[in-house]
Amino acid sequence: MNDTPYSRPDPAAELLRLVQSLFQQGWQSFFTLPAQRPPDGETSVELEVLLERLLEQADAGFAALQAQLNGIHVVHETIVEAAGAFNRLQEASDPAVGAQTAWLAAALPKLGPLQARQARLQALSAQLTELHEAQQALVSLARSAVDEGLIDFRSRLAKQPAALGLRELYEHWLGSGERAYENMLDSEEFSLALGRLANCSMGLERELQDALDGLLGYLRLPTRRELTSTQRRLQELRRRQRRSEREVPAELASLRQELLELREALQRKQPAQTKSSSRAR
Amino acid sequence: MPAELDLPKAARELAELQAKAQRVAARAAALQPVAVGESPRQVLAHWDGVTLYHYTGTPAPARRLPLLVVYSLVNRPYILDLKPERSLLGALRDAGSEVHLLDWGYPEPADRYLELEDYVEGYLHDAVELLCRRYQVEQVQLLGVCQGGTLSVCYAALNPERVRSLITLVTPIDFHAGSSALYHLAKHMDFQRLAEGAGNVSADLLNTVFVGLKPYRILTQRYLEMLEIEDEEALRDFLRMERWMYDSPDQAGVAFAQFARDFYQRNGLVRGQIELAGRPVRLSEIRMPVFNVYANADHLVPPASALALGKHAGSNHYRFEGFDGGHLSVFISGRAKKRLFPELAKWLEQWDPAAAQHRK
């Protein structure tokens with residue numbers, strides 16, 4: 001299997017992974033749960049109570065998800081701040097640039113020699129906000145699907161004539177939850193929200209890469225740009241090598257053929273020459 | 001009257017379930033790691049991270065054209081040889097084919113600029129050429145699975161003179177047909193940006209997407225079913241599948257973006273808009289015999305998507321067959337072993353001129 005040496009803050013992947021971990025936590029708690037026995041004398045319990053507990057669990061799950069997303073958001077904000085701090089560091093080390101910084105910070109339009117840098121920081125900040133909104137939109141869709149599933153679950157239970165066992169209860173929960181989830185998945189709204197989140201996430205990642213590349217270059221460390229340029233060149237070389245490997249045997253075959261034809265021509269010529277030289281003698 | 005939970009019954013069920021869970025979990029842990037892909041094979045060639053294998057021990061004399069199997073880039077190909085008793089590769093070998101597998105391996109960061117043309121006109125073409133030289137033949141028989149089927153279709157369309165016959169298993173052709181869930185998810189994503197920013201696409205992300213299509217089934221129902229497994233070999237089979245499901249390679253960034261954008265978003269294959277190595281991929285060039293197998297309940301490749309091959313290919317000998325079951329049932333189910341594998345073997349023999357001559 002593939003070992004990933006480090007994990008990077010990829011919000012789209014993180015969100016999906018967190019949804020998955022909610023299921024996994026459910027399983028873990030099942031494996032460690034001591035077998036429940038009903039309190040003495042009790043033979044049944046209203047499922048409304050159970051539903052309330054399910055809703056509480058969903059609330060707790062989404063709160064945990066939100067906390068994780070906030071954590072990722074803090075990571076991104078820190079990187080953006082670091083990029084800003086790096087810019088300030090560069091400005092401080094260059095008096096000519098530093099003199100313009102105060103004026104530029106106050107000025108709203110992007111003007112002067114630092115306008116590209118200013119624009120980049122503004123774009124980064126806007127993308128961070130956009131990403132946060134996109135995450136919230138997707139989480140809100142997921143929350144609606146869970147709620148819709150529980151509402152359907154409740155209405156199914158209300159139609160049951162007799163008390164249910166655990167297995168029957170699970171089958172109803174699975175049916176309701178899955179249907180609500182698949183409705184969400186099939187909706188254009190979800191497709192748009194997922195696309196928006198993925199695009200924001202990738203856009204932000206790209207901006208952060210550029211911002212950090214500046215810092216790496218300043219420290220004379222290998223940059224991402226250098227790495228991708230090498231990777232691109234490597235691929236070009238591989239293609240060129242493959243072409244040569246294919247062309248060489250074909251060229252060799254053609255040269256061999258040419259040589260063969262020359263030999264044959266020479267052999268045809270030689271007897272003729274021998275005849276004419278013997279006649280001359 | 002509000003619905004009620006029968007507490008004594010529920011407590012009994014929970015206790016039984018937990019007892020089963022502890023028993024099965026302990027047995028499963030003891031069986032791991034499980035072996036997969038055990039059929040004997042040898043390496044014929046290795047290009048970068050890509051390997052060409054020959055499945056050795058063909059019982060019948062090698063009178064046939066070599067068979068080259070091409071699997072998807074997304075998962076590992078040992079699903080075709082999960083265990084010797086349920087192995088598509090083994091079954092075709094035992095039926096007399098010289099079976100070869102092109103294993104794409106695990107792309108590394110240095111592979112991020114691999115393009116689809118490198119896969120199709122590079123590695124796949126090199127494999128075909130090598131087999132033609134090795135067996136002193138002009139053509140091979142090609143069998144493509146899922147995305148590997150799409151790549152095989154592209155190869156066959158670009159190099160029809162090299163492909164004697166083509167089998168496609170659960171292969172997407174029309175990427176917008178039949179409400180494809182993957183198209184729906186990919187519809188609004190900017191894959192160019194992904195390729196530029198992300199480098200290779202992580203296996204974790206792809207796994208999460210696939211699990212995200214059916215989380216209730218994959219993360220809940222599947223493990224409840226596991227608790228009911230009494231037979232040790234059946235439990236081993238479950239663990240083999242479990243290993244395969246999450247053993248996924250990263251995807252070379254540029255090739256992944258090309259596939260998602262040009263095939264899924266633009267539906268370029270049926271619109272005649274795909275170009276590889278500067279050459280247009282025309283499905284009408286697929287004039288060799290084709291056997292197209294799809295799964296009736298496939299949630300990844302809807303039947304309509306696979307069936308589009310019949311409409312666009314130029315073959316005069318086109319056969320198609322719907323198999324009852326989901327995406328994977330075509331190569332791992334007992335029914336496939338009993339019914340489909342012999343059909344595939346018979347068809348390969350039918351379109352092998354040397355085998356036909358031998359029959360006379």
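Below, chain A is the first sequence line, B the second, and so on; all start at residue 1.
- The backbone N or O of B:Tyr113 lies less than 3.5 Å from no partner atom in the side chain of A:Gln231, so there is not a single donor-acceptor pair.
- Counting heavy-atom pairs closer than 4.5 Å to chain B, the top-ranked of the candidates A:Arg196, A:Arg167, A:Arg224, A:Glu182 is A:Arg224.
- Within 6.0 Å of atom CZ in A:Arg225, 12 or fewer heavy atoms from other residues, nucleotides or ligands are found, so the atom counts as exposed in its surroundings.
- Using a 4.5 Å heavy-atom cut-off against chain B, the contacting residues of residues 241-254 of chain A are A:Arg242, A:Arg246.
- Between chain A and the residues B:Glu117, B:Arg76, B:Glu129, B:Lys187, the most heavy-atom pairs under 4.5 angstrom are made by B:Lys187.
- Ion pair A:Arg238/B:Asp111 flagged as a salt bridge, since at least one NZ, NE, NH1 or NH2 atom sits closer than 4.0 Å to an Asp/Glu carboxylate oxygen.
- Remark: side-chain polar atoms of B:Arg193 are paired, donor with acceptor, to backbone N or O of A:Asn199 under 3.5 angstrom.
- Most heavy-atom pairs under 4.5 Å with chain A, from the set B:Leu194, B:Asp118, B:Ile218: that is B:Asp118.
- Heavy atoms of B:Tyr183 lying under 4.5 Å from chain A are absent altogether.
- Other residues, nucleotides and ligands contribute at most 12 non-hydrogen atoms within 6.0 Å of the CZ atom of A:Arg233.
- With rounding to the nearest 0.5 Å, the separation of OG in A:Ser191 from CE in B:Met189 is 7.5 Å.
- In this structure, no portion of A:Thr230 lies under 4.5 Å from any heavy atom of chain B.
- Your options are A:Gln235, A:Glu236, A:Met202, and the one with the most heavy-atom pairs under 4.5 Å with chain B is A:Gln235.
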Residues B:Glu115, A:Arg239; criterion side chain to side chain contact (heavy atoms under 4.5 Å, CB included); working and verdict: CA-CA 10 Å; B:Glu115 294 182 14; A:Arg239 275 189 208 124; 3.4 Å; yes
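- The 12-atom threshold is exceeded at CD of A:Glu171, counting heavy atoms of other residues, nucleotides or ligands nearer than 6.0 Å.
- Scanning all heavy atoms of the two residues, the minimum distance from A:Phe190 to B:Leu185 falls at CE2-CD2, 3.6 Å.
- Atom CD of B:Glu161 sits in a crowded spot, with more than 12 heavy atoms from other residues, nucleotides or ligands closer than 6.0 Å.
- For the pair A:Gln209 and B:Gly197, the tightest heavy-atom approach, listed with the atom from each and the gap, is NE2-O, 2.8 Å.
- Listed for the B:Tyr216 side chain is no donor-acceptor partner under 3.5 Å among the backbone atoms of A:Ser176.
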Pair B:Glu196-A:Thr228, side chain to side chain contact (heavy atoms under 4.5 Å, CB included): steps then yes or no: CA-CA 9 Å; B:Glu196 283 165 10; A:Thr228 52; over 6 Å; no
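- Most heavy-atom pairs under 4.5 Å with chain A, from the set B:Lys214, B:His184, B:Lys9: that is B:His184.
- Contact annotation for B:Glu108: neither backbone nor side-chain heavy atoms come within less than 4.5 Å of a heavy atom of chain A.
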A:Trp173/B:Thr220 under side chain to side chain contact (heavy atoms under 4.5 Å, CB included): CA gap, chis, key distance, verdict: CA-CA 11 Å; A:Trp173 168 80; B:Thr220 308; 4.0 Å; yes
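- Side chain to side chain, B:Gln221 and A:Tyr170 meet the donor-acceptor criterion of an N or O pair below 3.5 Å.
- For the options A:Leu174, A:Asp210, A:Leu234, heavy-atom pairs under 4.5 Å to chain B are most numerous at A:Leu174.
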